[in-house]
Amino acid sequence: MNDEIRRNLALFPIGIVQKLTDLSARQIRYYEQHGLIRPARTEGKQRLFSFNDVERLLEIKRYIDQGLNIAGIKKMVGVAPEASQLPEADVKIGPERKERKELTEQELHDLLKKEIITRASRPGLPNSLIQGELSRFFH
DNA sequence: GTTCTCACA
DNA sequence: TGTGAGAA
């Protein structure tokens with residue numbers, strides 16, 4: 001499984017993302033409306049965020065803290081005009097899987113660790129997580 | 001229990 | 001942006 005796929009796997013429900021980013025569900029949904037992120041959806045309409053989405057939210061959060069508004073952030077992050085509905089690497093979490101696997105704190109840490117390790121081993125760090133934000137993941 | 005959408009004092 | 005209603 002390559003990084004591209006792994007980074008785009010929709011894994012987290014909005015609740016997890018809230019903790020990861022310290023953003024309110026309201027804000028997260030609001031940013032989605034403005035095309036800043038485009039999480040996948042389960043058949044039940046629930047949002048599923050990928051690592052890429054989380055990173056982008058952290059990036060957005062930085063700009064918010066810097067006093068930028070949505071309009072300014074759109075330019076910074078680069079909002080794909082008609083990308084609001086583009087199919088993203090989706091994950092099968094539907095009827096066929098009776099119980100949606102719960103993401104425990106431990107599993108979450110493992111996932112994040114692996115993700116971070118792969119980035120750390122690649123000096124090029126394209127869209128790396130910010131050092132300061134990184135600490136949030138390791139309590 | 002969690003998330004979704006929609007609407008508003 | 002927050003919050004509450006009503007549904008899934």
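Numbers restart at 1 for each chain; the letters A, B, ... are given by sequence-line order, proteins then strands.
Straight-line distance from the CD atom of A:Gln27 to the C1' atom of B:dC4: 18 Å, rounded to whole Å. Atom NZ in A:Lys19 sits about 11 Å away from atom C1' in B:dT2, given to the nearest Å. In this entry the distance linking CZ of A:Arg29 with P of C:dG2 reads 11 Å, nearest Å. Distance CZ (A:Phe49) to C1' (B:dT2): 13 Å, rounded to an integer number of Å. Nucleotide B:dT3 holds its C1' atom 17 Å from the CZ atom of A:Phe12, rounded to whole Å. A straight line from CD1 of A:Ile28 to C1' of B:dC4 spans 14 Å, rounded to a whole angstrom. Computed from coordinates, the A:Asp22 CG to C:dT1 P distance equals 14 Å when rounded to whole Å. In this structure, the CD atom of A:Gln33 is 12 Å from the C1' atom of B:dC4, given to the nearest Å.
The side chain of A:Tyr30 places no N or O atom within less than 4.0 Å of a non-bridging phosphate oxygen (OP1 or OP2) of C:dG2. In this model, the phosphate group of B:dT3 is not approached by any side-chain N or O of A:Arg47 to a distance below 4.0 Å at OP1 or OP2.
Atom OH of A:Tyr31 is separated from atom NZ of A:Lys61 by 9.5 Å, given to the nearest 0.5 angstrom.
The shortest distance between side-chain heavy atoms of A:Arg38 and A:Glu32 does not fall below 4.5 Å.
Nearest approach of A:Ile37 to A:Ile60, heavy atoms of both residues: CG2-CD1, 4.3 Å.
In this structure, A:Asp65 contributes its side chain and A:Arg62 its backbone to no donor-acceptor pair below 3.5 Å.
In the set C:dG2, B:dC4, B:dT3, the nucleotide with an atom closest to the side chain of A:Ser24 is C:dG2.
A donor and an acceptor atom sit less than 3.5 Å apart, one in the side chain of A:Arg26 and one in the base of C:dT3.
When Watson-Crick and G-U wobble pairs are counted only if both distances are under 3.5 Å, C:dG6 pairs with B:dC4.
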